Amino acid sequence: MKKVFVSGCYDMLHSGHVAFFEEAAGYGDLYVGIGSDKTICELKARKPINTDAERLYMVKALRAVKDAWINRGNGVLDFIDEIKALKPDIFFVNSDGHSPVKEQLCRELDIAYIISKRIPSAGLPVRSTTALREECRIPYRIDLAGGWLDQPFVSKHHPGAVLTVSIEPDYEFNDRSGMSTSSRKKAIELWHTDIPEGDKEKLAKTLFCFENPPGTKYVSGSQDALGIVYPGLNRLHYQGNYWPEAIDSINDPELLNWIEERLWLIPLFPRHATYDVLSDTKVSKEEVFRLSNAAEACWQAILSRDTAAWGKAFSASFEAQTAMFPNMVSPEILTVLDKYKPTVSGWKITGAGGGGYFVFVNDQPIANAIQIRIRR
């Protein structure tokens, strides 16, 4: 029998986990590496519902599992020591558990890398741990272009817009992934399970002030609070202040469907421990002007539903950002990006320095990518 390895948290064990294990076991003897409580706290910024001892006990009790253990490492690759000792033939992952760093590791170790979709057992619903938690509908957000213009030290050189979309919490995106996870945690402190009814701008100001009380050393950009609170597609106009001069919001269902169908996310490498996005900053009037123009071109392309033009502007916005903030990317990120560039219309990343996701614009599906749902 071949050896098959899987790794994950497996908190709140449910039928989706069992179906995944059974599918993996169809390839051979199944070995399961389980993320420790410490690893979950680091990656998800929360404690697991069940301790690692409980999760190990339940996973080992499943008939599809040959053996299981708690991984000794930490981070996305907390299983490196275990996988090298086991020497499996196959590493099996779900589509939302796929990442380039895992795939690269398997190439280096000569292990087959198989990606599965979520396939429930016949007659049973699709299950995920996120859906089974106490329902929290507070969204995440992605900035599509113009990021950094919400900081006065950038937009003082030239006015410009940040484009955002509000993302339904269908996935439990990694902490510090550049999708407003910090602002979202503050929103959960304020409102618990969802954005309340009321004036959207007042609600966003409340969240912004709650996250940035007097004396805050580094003020989070207001695009985070606005991108969470305002549904749909938004254009936030900045001119040297923390708060935008104007907000344009679009909730046309057909346009939002069009955007959703063309956005594809691939997980990134984790950040380096010494990461500092503001090191080697090179903000200039010329680059801010380029960033502002790219954001406007992105807006017009989306309204025109022109994928090629959107992709070009999308990439131009990213390139203007990284010209001013070169530490947003690492050599590892750029190496993987080079593999996608020939086949996609446009690209950027959600989080500076890693820990987030590649975001690609493309008419055609991208293998092993996940797609988002924009809040209406």
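Position 1 is the first residue of the sequence; numbering continues from there. In what follows, every heavy atom counts, from backbone to side chain, and hydrogens, waters and symmetry copies are set aside. Note that the structure is predicted; figures quoted are calculated from it, not measured.
To the nearest 0.5 Å, the span separating CD1 on I250 from CD1 on I374 amounts to 11.0 Å. In this structure, R72 CZ and D81 CG are separated by 5.0 Å, a value rounded to the nearest 0.5 Å. To the nearest 0.5 angstrom, N212 atom CG is 8.0 Å from Y242 atom OH.
Taking the six-membered ring wherever Trp is involved, the centroid distance between the rings of W347 and F358 does not fall below 6.0 Å.
Under the 3.5 Å distance criterion, the side-chain polar atoms of D11 are matched with a main-chain donor or acceptor of I49. Between the side chain of R305 and the main chain of A301, no donor-acceptor pair closer than 3.5 Å is present. For E82 (side chain) and G33 (main-chain N/O), no donor-acceptor pair under 3.5 Å exists by modelled atom type. With hydrogens and angles disregarded, a donor-acceptor distance shorter than 3.5 Å links the side chain of R184 to the backbone of I138. For T335 (side chain) and P331 (main-chain N/O), a donor-acceptor pair under 3.5 Å exists by modelled atom type. A donor-acceptor contact shorter than 3.5 Å is absent between the side chain of S317 and the backbone of A313. Side chain of S292 to backbone of V288: no donor-acceptor contact under 3.5 angstrom is found. Side-chain atoms of H157 never come within 3.5 Å of backbone atoms of V154 as a donor-acceptor pair (strictly under, hydrogens ignored). The backbone N or O of Q223 sits less than 3.5 Å from a side-chain atom of Y238, completing a donor-acceptor pair. No donor-acceptor pair under 3.5 Å is formed between the side chain of K186 and the backbone N or O of F208.
The closest side-chain heavy-atom distance from E287 to L291 is not below 4.5 Å. Residues K3 and I90 have side chains not in contact (no heavy-atom distance under 4.5 Å, counting atoms from C-beta outward). Within the 4.5 Å cutoff, the side chain of D37 has heavy atoms near those of the P48 side chain.
Using modelled atom types and a 3.5 Å distance limit, the side chains of S36 and N71 yield no donor-acceptor pair. Between the side chains of E42 and T39, not a single donor N or O lies within less than 3.5 Å of an accepting N or O. Checking S183 against E211 by side-chain atom types alone, a donor-acceptor pair falls below 3.5 Å. With 3.5 Å as the limit, one finds no donor-acceptor pair spanning the side chains of R141 and T164. N234 and S249 share a side-chain donor-acceptor pair at under 3.5 Å. A donor-acceptor pair shorter than 3.5 Å cannot be found between the side chains of W310 and Q300.
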Legend entry - side chain to side chain donor-acceptor pair (under 3.5 Å) evaluation trace for E245 with N241: CA-CA 8 Å; E245 305 297 316; N241 296 305; 3.0 Å; yes
Inset, instruction - Take F79 and F91 through the test ring-ring contact (aromatic ring centres under 6.0 Å, His included) and record every step on the way to the result. - result: CA-CA 11 Å; F79 50 80; F91 186 11; 5.2 Å; yes
Inset, instruction - Report the C-alpha distance between D363 and T307 in whole Å, list the side-chain angles of each, state the deciding distance to 0.1 Å, and finish with yes or no for side chain to side chain donor-acceptor pair (under 3.5 Å). - result: CA-CA 7 Å; D363 279 325; T307 305; 2.8 Å; yes
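Of the candidates Y357, F173, Y140, W264, I372 forms a side-chain contact (heavy atoms from CB on, under 4.5 Å) with just one, namely F173. When the options Y113, F5, F20, F21 are evaluated for a ring pair (Phe, Tyr, Trp, His ring centres under 6.0 Å) with F92, the one that passes is F20. Of the candidates E168, E260, E254, R376 forms a salt bridge (Lys or Arg N to Asp or Glu O under 4.0 Å) with just one, namely E260.
Heavy atoms only, all atoms of each residue included: A204 and W243 are closest at C-CH2, 3.7 Å.
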